[in-house]
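Being a predicted model, the structure only gives us computed values, none of them experimental.
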Amino acid sequence: IQVPRRAAAMPIRGSKKKRGGRQARKPQVDIVMHNETFEAYYKAQNIVPEGEWDAFMAALREQLPTNFRVSAISPNADILAGKVRDEYSPDEDL
């Protein structure tokens with residue numbers, strides 16, 4: 001199958017790469033975890049007793065850990081798993 005020249009040079013939809021290499025990362029900012037509409041909706045559902053509401057909301061605002069999933073059948077799985085282990089959790093046994 002021959003791919004037309006123009007189609008081969010076009011970026012894939014959703015691709016973050018721009019000409020000249022990788023895009024610079026945006027600085028990490030604090031995320032505001034407060035939304036009146038969200039709280040009003042779930043309060044109206046009565047899924048949490050009134051006395052436990054503040055603890056419930058505090059639990060929802062907890063930061064979750066970052067997770068990576070590496071497919072074992074990938075030809076580069078060992079390399080990728082090693083990079084994740086070395087760069088993101090060098091003290092933990094993965």
Side-chain angles (χ1 to χ4, degrees):
I1 298 176
Q2 286 189 330
V3 178
R5 279 187 165 165
R6 186 167 175 240
M10 293 177 62
I12 298 171
R13 280 189 186 187
S15 173
K16 298 289 183 192
K17 282 196 171 185
K18 301 289 181 196
R19 288 186 184 188
R22 296 170 58 173
Q23 264 186 336
R25 288 186 176 196
K26 293 181 181 178
Q28 187 174 4
V29 295
D30 290 332
I31 298 171
V32 177
M33 294 186 166
H34 183 78
N35 184 318
E36 293 287 335
T37 307
F38 176 89
E39 289 186 35
Y41 174 81
Y42 281 99
K43 212 171 213 182
Q45 303 306 309
N46 292 319
I47 59 172
V48 178
E50 187 64 36
E52 298 175 17
W53 182 256
D54 291 335
F56 171 71
M57 290 306 299
L60 292 180
R61 290 184 180 112
E62 288 283 320
Q63 286 282 55
L64 296 174
T66 301
N67 291 292
F68 295 94
R69 180 177 179 208
V70 178
S71 175
I73 63 170
S74 171
N76 299 319
D78 293 336
I79 295 168
L80 183 56
K83 281 197 161 292
V84 169
R85 180 177 42 256
D86 297 343
E87 293 182 25
Y88 294 100
S89 61
D91 298 335
E92 296 182 30
D93 185 27
L94 297 178

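- A distance of 13.0 Å separates CD of Gln45 from NZ of Lys43, quoted to the nearest 0.5 Å.
- Within the model, atoms CZ of Phe38 and CE of Met33 stand 10.5 Å from one another, a figure rounded to the nearest 0.5 Å.
- A 6.0 Å sphere centred on CD of Gln63 holds no more than 12 heavy atoms belonging to other residues, nucleotides or ligands.
- Linking ILVMFWY residues whenever their side-chain heavy atoms come closer than 4.5 Å, directly or via other members, leaves Val32 and Leu60 in distinct clusters.
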Notebook entry, point to check: Taking it one step at a time, do His34 and Glu39 satisfy side chain to side chain contact (heavy atoms under 4.5 Å, CB included)?
Noted result: CA-CA 8 Å; His34 183 78; Glu39 289 186 35; 3.1 Å; yes

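- When all heavy atoms of Ala72 and Ala77 are compared, the closest pair comes out as O-CB, 4.0 Å.
- Other residues, nucleotides and ligands contribute at most 12 non-hydrogen atoms within 6.0 Å of the OH atom of Tyr42.
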Next item on the list: Test Asp54 against Met57 for side chain to side chain contact (heavy atoms under 4.5 Å, CB included), laying out the working first.
Entry: CA-CA 5 Å; Asp54 291 335; Met57 290 306 299; 5.8 Å; no

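- Linking Ile, Leu, Val, Met, Phe, Trp and Tyr residues whenever their side-chain heavy atoms come within less than 4.5 Å leaves Ile79 and Val70 in two separate clusters.
- For Leu64, the side chain to side chain contact (heavy atoms under 4.5 Å, CB included) test picks out no residue, with sequence neighbours left out.
- To the nearest 0.5 Å, atoms CG (Leu80) and CZ (Arg85) are separated by 10.5 Å.
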